[in-house]
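Since this is a predicted model, take the numbers as computed values, not measurements.
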Amino acid sequence: MRTTKTHACLAAVGSLLAALVVAAPAQAAPAGTAACKPSIQVLETLPHTDDPHPSPWVRRTQVNAIAPGPSRLAVGMSGWRAVYWIGTRLHRVPVPEGSGTGVVTDVNRSGLMVGSVSTPDGNKAFSYRHGEPAVTVLPGGSKATGVNDRGVIVGSVWDREQNRTIGLEWVGQRLRRELPPPAGYRIIGLSGVNNAGQVSGSGGALEPRPGTSAWVTPGLYWPADPRVAPTVLAPVDDTGDRYATHGIDDSGRMVGYQWPQPSDRREVPVVWNRPDGPPVYAPLAHGSVGGTFEAISPNTNVSVGLAEFSYASPKPEDSPAARAEYWTGSGPMRVLPGLAPSRFTAAFAVTDDDRVGGAAQDAQGLVRPVIWTCAARQAFVPA
């Protein structure tokens, strides 16, 4: 389940990319992954979607989520279009005619995908399954950002009249409820729902802290029981630092980042082990200046995201500006290998069987959607 949580003929491209598997240095694997083979699987992209100015922060092509289990189904976007993959083969999501940019943000064990697409009538939240002739537009929603294995979908809509974002929860095609913000706060967005029905998100205070000019922007949490009020994640203080959640696991553990203020300071990856507990600030990758967590595995406490690097000129050889980072909840932050030296990587999804999804720049500078298999054996501490 996820967050929230950022990028020639198709047949010819597909045959080339499907055959491209890049081996990486092996490391010790976590329990239950002894049979996996470490590799970087490069997935197909839509034709004519090469990015002339690729960046890990301008997201156009990437894997956003991977279905649990053996289906080999992954979802995301290619050239800002909503797509999914079965193995390495790309499939377009059949969005409404006249639609523009789109994204698939999450997928559950049974293959139910959710996302959003721009249409002439505004952004629309949708759900979809492989083989269906068209998406199902979710009533009242502009974004769908998470789905659990029970088919509960969360997302949001911007209410122009009330000038606020409204959190929404669907079951199937039915809008089940609105998710209210905690008292004194507004919703910025929802980032995930776990199999227990707990929801993560981010918000902002309606007023600055008394006696200060600090506007608190914390992570938010909704219990599964709609009778229990949502809560604001710690800390709630006068620093003005910003916090955001990007995912929630089945135990209720949430991940995201802190953005210290003033804004010239870099992000720090954060874990909230309990909704009512303090944040745990994860270590930065060696040599990095900041980092974020973009996803957490459902049950194995593996968090992934981006580590940001900054270098004096000239930049050291084989040193990309950003790397996909991988953390097991203890020890140093590790990073995942790329497709070519000095090219960035980014991670946005992780599964219990140690697959990590994201994007990587190849030797030609093009951004490719990728899945690292047996990721723990490939992750390493940067020099």
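In this view, Arg355 and Asp353 satisfy the side chain to side chain donor-acceptor pair (under 3.5 Å) rule, not counting sequence neighbours.
Here the closest non-hydrogen pair linking Val367 and Thr45 is O-CG2, 4.4 Å. Nearest heavy atom pair, residue Pro260 against residue Val268, reads CG-CG2, 4.5 Å. Minimum heavy-atom separation, Asn64 to Val103: ND2-CG2, 3.2 Å. What you find for Tyr257 and Val270 is that their closest heavy atoms are C-CG2, 3.9 Å.
Ring planes of Tyr128 and Tyr84: tilted class, angle from 30 to 60°. In this structure, Trp327 and Phe293 have parallel ring planes: the angle between them is below the 30° cut-off, well short of the 60° mark.
Checked for salt-bridge contact, Arg334 and Glu325 miss the test: no charged N lies under 4.0 Å from a carboxylate O. A salt bridge is defined here as a Lys NZ or Arg NE, NH1 or NH2 lying under 4.0 Å from an Asp or Glu carboxylate O, and Arg89 with Glu44 fails to meet this definition. Between Asp362 and Arg368 there is a salt bridge, since at least one side-chain N of the basic residue sits less than 4.0 Å from a carboxylate O of the acidic one.
A donor-acceptor contact shorter than 3.5 Å links the side chain of Thr245 to the backbone of Gly201. Judged by distance alone, with hydrogens and angles left aside, the side-chain atoms of Ser99 form a donor-acceptor pair with the main-chain N or O of Pro96 at under 3.5 Å. At distances below 3.5 Å, at least one donor-acceptor pair connects side-chain atoms of Thr373 with backbone N or O atoms of Lys37. Between the side chain of Asp250 and the backbone N or O of Asn195 there is at least one donor-acceptor pair closer than 3.5 Å. For the pair Ser78 (side chain) and Arg81 (backbone), a donor-acceptor distance under 3.5 Å is absent. Proximity of a side-chain donor or acceptor of Asp354 to a complementary backbone N or O of Ala376 within less than 3.5 Å is detected. No donor-acceptor pair under 3.5 Å is formed between the side chain of Arg186 and the backbone N or O of Leu206. Using a distance-only test at 3.5 Å, with no hydrogens or angles considered, a donor-acceptor pair links the side chain of Arg129 to the main chain of Ser110.
For the pair Arg323 and Phe309, the cation sits on the ring face: its NZ or CZ lies under 6.0 Å from the ring centre, inside 45° of the axis.
Heavy atoms of other residues, nucleotides or ligands lying less than 6.0 angstrom from CD of Glu97 number 12 at most. Summarising the local packing, CZ of Arg174 is surrounded by more than 12 heavy atoms from other residues, nucleotides or ligands at distances under 6.0 Å.
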